[in-house]
Each structure stands twice: as C-alpha cells, then as structure tokens.
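Residue numbers start at 1 and run along the sequence shown.
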Amino acid sequence: MDTLAQSRVTPKDFFLWLGVVVTLYASVYSLIDLLFEYINYVFPDVLRYASDPYSGAVSYDMASLLVLFPACVFLLRLIRNDISREPGKRNIWVRRWALFLTLFLAGAVIVVDLITLINTFLGGELTTRFVLKAFVVFLVAGGGFLHFFADLHGHWEANPQKSKLVGFASGVLVFLVIASGFLIIGTPGQARLARFDTRKANDLQTIQWQIVSYWQTKEKLPAELSELLDPISGFVIPRDPQINASYEYRQTGTSSFELCADFNKENLAGLDAGKFAPVPVPAGYYPSLEDSTVWKHGAGRQCFQRTIDPERYPPMKR
C-alpha cells in the first residue's frame with residue numbers, strides 16, 4: 001500500500017476525528033464551567049441568589065466529564081494506533097483541520113482571556129473570583145494548545161510513553177476536579193439535607209406571616225394551625241417535607257407564639273446568606289432583610305419565639 005493510499009480519508013477517519021472534536025470541546029467546556037461553579041460557591045457574588053449546586057450545572061458538568069472525557073481519550077488512542085500502523089494518516093486533511101482548528105480556538109481564548117484580565121485590572125475591578133476564573137481559562141486553554149501543538153509536530157507518536165503518561169495525568173486531574181467538588185460543596189446527600197432545612201425555614205416563615213395576618217384580622221392568635229386554613233385564598237398549611245409531619249405551633253401569650261421544626265444542620269446565617277435559594281413565598285408578601293436573618297438555627301429541634309408588636313402590625317379596621 002503506497003503513501004497516497006494510506007493518506008486517503010475514510011469514513012472511519014472522518015467520524016473518529018469528529019468524535020474527538022465533539023467530546024474534547026464538550027469536556028473542556030464542562031471542566032471550565034465546573035471549576036467556575038466551585039469558585040462561585042467559595043467566593044459568592046452578593047448580587048446573585050445561591051442555589052442547590054447539584055440541581056443544575058454542577059451535576060450536569062460532572063456527568064458530562066465522567067462520560068465525555070474517557071470517550072475523548074479512547075478515540076484519540078484509536079487514532080494514534082491507526083497512525084502507528086499507517087504513518088500516512090498523519091497527513092490526512094481531517095486531522096490537520098481538527099488540529100489547526102483546536103490550536104486556533106485555544107490561542108484565541110488565551111488572547112481574549114489576557115485582554116479581559118488586563119482590562120479588568122486597569123479598570124480597578126479585579127476580584128479574587130475573577131482572577132481565579134481567568135487563571136482557569138488560561139490554564140485549560142494553554143494546556144490544550146501545548147498538547148495539540150506537540151501532536152501536530154508528531155511529538156506523541158515519537159514518544160508513546162509520554163503520550164500515555166499525559167493521558168493518565170489528564171484523567172487523574174479530571175478525577176480530582178470532580179472529587180474536590182464533594183469536599184467544596186458537599187455530597188448530593190448533604191445538599192439534599194440542606195435543601196430540606198431551607199424548605200423548613202421558609203415554611204415556618206410562611207406560617208409566621210399567616211399567623212400575623214390572622215392576628216391583625218381577628219385580634220387574637222389561632223389556637224392551632226388548622227385555623228389558618230383558608231379555602232378562598234387557597235392557603236394550605238405547609239408540612240415538614242422530610243418526615244411529612246405538621247410543624248409545631250404553640251401560643252405562649254395573647255400576642256406571642258413559637259414555631260418549631262427539626263433541622264439537619266446548623267445554619268448561623270439564616271435565609272439571608274443561605275447556600276440554597278428559598279422557595280417562593282405567598283403572593284402579596286415582600287420579605288425584608290431582617291425577615292431572613294432571624295431564621296438562623298442549630299441542628300436538631302429548634303423553636304423560634306415571636307411576639308407581635310401591635311404598633312408595627314396594627315389590627316385591621318372593620
């Protein structure tokens with residue numbers, strides 16, 4: 001078989017390189033996005049509501065990396081095996097296009113990243129969160145550029161052991177990135193427990209304001225929570241979603257009461273700085289800053305004592 005025949009592009013070659021491009025770019029995007037989510041979690045933006053990290057981007061990025069990165073490494077291994085058997089495949093057009101496209105995009109990302117970093121520095125708005133994100137982009141894009149630049153010049157074919165070592169090191173890096181997520185943001189099980197706690201605090205807040213509304217309307221506190229049921233407004237008393245039980249309510253005075261619930265973890269920040277976004281509050285209720293900070297709690301059974309100030313919440317005129 002002559003060199004020209006060896007250099008002919010077959011359907012197998014085309015789809016192998018197409019698979020490499022798709023899995024590589026998707027893996028890189030997932031890796032960068034996952035690291036960004038970690039940075040956002042450790043250095044949160046005060047203007048952004050936090051949410052359950054495992055309900056969206058984090059879980060999807062983890063799943064993508066676990067599937068796509070090994071697939072990319074496997075496809076590259078098949079291609080290099082083909083090249084070792086038929087050296088002419090190094091010169092097929094689909095390989096050259098894939099490598100040059102990857103080099104171009106990686107180089108462009110590095111240049112844009114540096115320009116953005118310098119521009120932000122000159123504007124005096126450089127933050128730890130931004131610097132870390134810029135470093136992540138530079139590191140990933142730079143590593144990809146160097147790897148495929150060496151591939152374009154036949155470095156990995158000439159040094160197969162180094163190629164295997166780089167593949168192994170990349171796999172370890174991806175594994176560490178995924179595993180570190182469990183240390184940074186906790187396991188999915190811990191995230192679920194935190195969501196339960198946030199839901200309970202929000203439920204108690206909702207019940208509290210229904211009690212205040214009841215007191216303003218009837219100038220007395222309800223003897224039990226069932227009196228808050230209102231088929232006209234459609235209000236249904238929330239229940240503890242973790243154990244499907246009623247929350248505890250007790251009247252402690254003519255205008256004072258307490259609400260109790262069992263929490264899984266300590267949260268000394270309350271709803272104002274919680275790691276998970278609160279569930280929607282009833283229509284017509286607009287929480288203030290002080291509403292959220294008073295719901296901090298420890299682990300286990302916690303009770304919240306409340307006293308209604310008649311000057312702040314005067315009875316409704318009839």
Next item on the list: Could you walk me through whether Arg8 and Asp13 pass salt bridge (Lys or Arg N to Asp or Glu O under 4.0 Å), step by step?
Entry: CA-CA 9 Å; Arg8 184 178 299 123; Asp13 297 325; over 6 Å; no
Check: Once the angle between the rings of His297 and Phe304 is folded into 0 to 90°, is it parallel (under 30°), tilted (30 to 60°) or perpendicular (over 60°)?
Finding: perpendicular
Next item on the list: Using only heavy-atom distances, determine whether the side chains of Ser256 and Arg306 contain a donor-acceptor pair under 3.5 Å.
Entry: no
Check: Do you know which two heavy atoms are closest between Cys260 and Arg301, and how far apart they sit?
Finding: SG-NH2, 3.7 Å
Next item on the list: Look at the side chain of Asp230 and the backbone N and O of Ile232, then say whether any donor-acceptor pair between them is shorter than 3.5 Å.
Entry: yes
Margin query: When you compare the side chains of Glu227 and Tyr214, does any donor N or O come within less than 3.5 Å of an acceptor on the partner?
Written below: yes
Item checked: Interatomic spacing from CG in Leu75 to CG in Leu16 - rounded to 0.5 Å -> 6.0 Å
Notebook entry, point to check: salt bridge (Lys or Arg N to Asp or Glu O under 4.0 Å) with Asp113: which residues, sequence neighbours excluded?
Noted result: none
Notebook entry, point to check: Using links of under 4.5 Å between side-chain heavy atoms of ILVMFWY residues, direct or through other members, which residues join Val111 in one cluster?
Noted result: Ile115
Next item on the list: If you link ILVMFWY side chains whenever their heavy atoms are less than 4.5 Å apart, which other residues fall into the same cluster as Phe135? By chain and number, please.
Entry: Leu139
Next item on the list: Could you walk me through whether Arg95 and Asp82 pass the salt bridge (Lys or Arg N to Asp or Glu O under 4.0 Å) test, one step at a time?
Entry: CA-CA 12 Å; Arg95 177 177 184 272; Asp82 282 349; over 6 Å; no
Margin query: Testing the basics here: between Asn264 and Ala299, what is the closest heavy-atom pair and its distance to 0.1 Å?
Written below: O-CB, 3.9 Å
Checklist line | Side chains of Arg250 and Phe257 in contact at under 4.5 Å (non-hydrogen atoms) | finding: no
Check: Do Thr120 and Leu117 touch side chain to side chain, with heavy atoms closer than 4.5 Å?
Finding: no
Check: Checking Gln251 side chain against Gly253 main chain: does a donor-acceptor pair fall under 3.5 Å?
Finding: yes
Check: Once the angle between the rings of His153 and Phe149 is folded into 0 to 90°, is it parallel (under 30°), tilted (30 to 60°) or perpendicular (over 60°)?
Finding: tilted
Next item on the list: Kindly work out whether a path of hydrophobic side-chain contacts (I/L/V/M/F/W/Y, heavy atoms less than 4.5 Å apart) joins Leu99 to Ile92.
Entry: yes
Check: Quick one: does Thr206's side chain get under 4.5 Å of Phe235's, heavy atoms only?
Finding: yes
Check: Just by modelled atom types, is the Val112 backbone N or O under 3.5 Å from a matching donor or acceptor in the Thr116 side chain?
Finding: yes
Note to self: Any heavy-atom pair between the side chains of Asn267 and Lys296 that's under 4.5 Å?
What the structure shows: no
Margin query: Whether the Thr102 and Tyr25 side chains hold a donor-acceptor pair (N or O, under 3.5 Å, no angle test) is what I'd like checked.
Written below: yes
Note to self: Under the rule for ring pair (Phe, Tyr, Trp, His ring centres under 6.0 Å), what residues qualify as partners of Trp215, not counting sequence neighbours?
What the structure shows: none
Notebook entry, point to check: Just by distance, do the side chain of Trp156 and the backbone of His147 share a donor-acceptor pair under 3.5 Å?
Noted result: yes
Checklist line | Heavy-atom side-chain contact between Glu248 and Glu258 under 4.5 Å | finding: no
Check: Under the side-chain contact (heavy atoms from CB on, under 4.5 Å) criterion, do Val94 and Trp97 qualify, and how do the steps go?
Finding: CA-CA 5 Å; Val94 68; Trp97 271 91; 5.8 Å; no
Checklist line | Straight-line distance of Leu65 CG to Tyr60 OH, nearest 0.5 Å | finding: 11.0 Å
Next item on the list: Determine whether more than 12 heavy atoms belonging to other residues, nucleotides or ligands lie under 6.0 Å from atom OH of Tyr247.
Entry: yes
Note to self: Tell me every residue that passes side chain to side chain donor-acceptor pair (under 3.5 Å) with Gln302, counting only those two or more places apart in sequence or in another chain.
What the structure shows: none
Check: Taking Asp203 as the fixed residue, which of Gln205, Lys200, Arg199 is the one that meets the side chain to side chain donor-acceptor pair (under 3.5 Å) rule?
Finding: Arg199
Checklist line | Euclidean distance, Lys164 NZ relative to Asn159 CG, rounded to 0.5 Å | finding: 12.5 Å
Check: Going from CG on Asp151 to CG on Leu76, what distance comes out if it is rounded to the nearest 0.5 angstrom?
Finding: 7.5 Å
Next item on the list: Determine whether Val21 and Phe145 fall in the same hydrophobic cluster, where Ile, Leu, Val, Met, Phe, Trp and Tyr are linked whenever their side-chain heavy atoms lie under 4.5 Å apart.
Entry: yes
Notebook entry, point to check: Taking C-beta and beyond as the side chain, do Trp93 and Phe14 meet within less than 4.5 Å on heavy atoms?
Noted result: yes
Next item on the list: Would you check if the side chain of Ser84 reaches a backbone N or O of Asn81 as a donor-acceptor pair within less than 3.5 Å?
Entry: yes
Item checked: same_hphob_cluster(Leu68, Leu66) at 4.5 Å side-chain heavy-atom cutoff -> no
Check: Minimum heavy-atom separation for Trp17 to Ala98, with atom names?
Finding: CE3-CB, 3.6 Å
Next item on the list: Output the distance between atom CG (Leu101) and atom CZ (Phe104), rounded to the nearest 0.5 Å.
Entry: 8.5 Å
Next item on the list: Show your reasoning for whether side-chain hydrogen bond (donor to acceptor under 3.5 Å, both in side chains) applies to Ser27 and Thr23.
Entry: CA-CA 6 Å; Ser27 297; Thr23 55; 5.7 Å; no
Please tabulate, for the side chains in residues 167-181, all donor-acceptor contacts under 3.5 angstrom to protein atoms that are two or more places apart in sequence or on a different chain.
| unit_1 | atom_1 | unit_2 | atom_2 | d |
| --- | --- | --- | --- | --- |
| Ser170 | OG | Val166 | O | 2.9 |
| Ser180 | OG | Leu176 | O | 3.0 |
| Ser180 | OG | Val177 | O | 2.7 |

Checklist line | Considering all heavy atoms, the nearest Pro314-Gln216 contact | finding: O-NE2, 3.3 Å
Notebook entry, point to check: Where do Arg129 and Val42 land on the side-chain contact (heavy atoms from CB on, under 4.5 Å) test, with the steps shown first?
Noted result: CA-CA 9 Å; Arg129 184 173 61 253; Val42 177; over 6 Å; no
Check: Between atom OG of Ser30 and atom CG of Leu34, what is the distance when rounded to the nearest 0.5 Å?
Finding: 8.0 Å
Notebook entry, point to check: Does Ile207 share a hydrophobic cluster with Phe196, counting links as ILVMFWY side-chain heavy atoms below 4.5 Å and allowing steps through other members?
Noted result: no
Next item on the list: Can you see which heavy atom on Ser246 is nearest to which on Arg239, and at what distance?
Entry: OG-NH1, 3.2 Å
Next item on the list: Apply side-chain contact (heavy atoms from CB on, under 4.5 Å) to the pair Thr127 and Val131, showing each step before the final yes or no.
Entry: CA-CA 6 Å; Thr127 63; Val131 171; over 6 Å; no
Notebook entry, point to check: Are side-chain heavy atoms of Ser255 and Thr307 found at a separation under 4.5 Å?
Noted result: yes
Notebook entry, point to check: Hey, quick one: are Val58 and Ile39 part of the same hydrophobic cluster, counting side-chain heavy atoms closer than 4.5 Å, chains of contacts allowed?
Noted result: yes
Next item on the list: Would you confirm whether Tyr249, through its side chain, and Pro222, through its main-chain N or O, come within 3.5 Å as a donor-acceptor pair?
Entry: yes
Next item on the list: Provide the closest heavy-atom pair for Asp240 versus Asp262 in the form atom of the first, atom of the second, distance.
Entry: OD2-O, 4.4 Å
Checklist line | Non-hydrogen side-chain atoms of Gln208 and Leu204 separated by less than 4.5 Å | finding: no
Margin query: I'd like to know whether Leu221 forms a side-chain contact (heavy atoms from CB on, under 4.5 Å) with Thr254, so could you lay out the CA-CA distance, the side-chain angles of the two residues, the decisive distance to 0.1 Å, and finally the verdict.
Written below: CA-CA 7 Å; Leu221 291 173; Thr254 56; over 6 Å; no
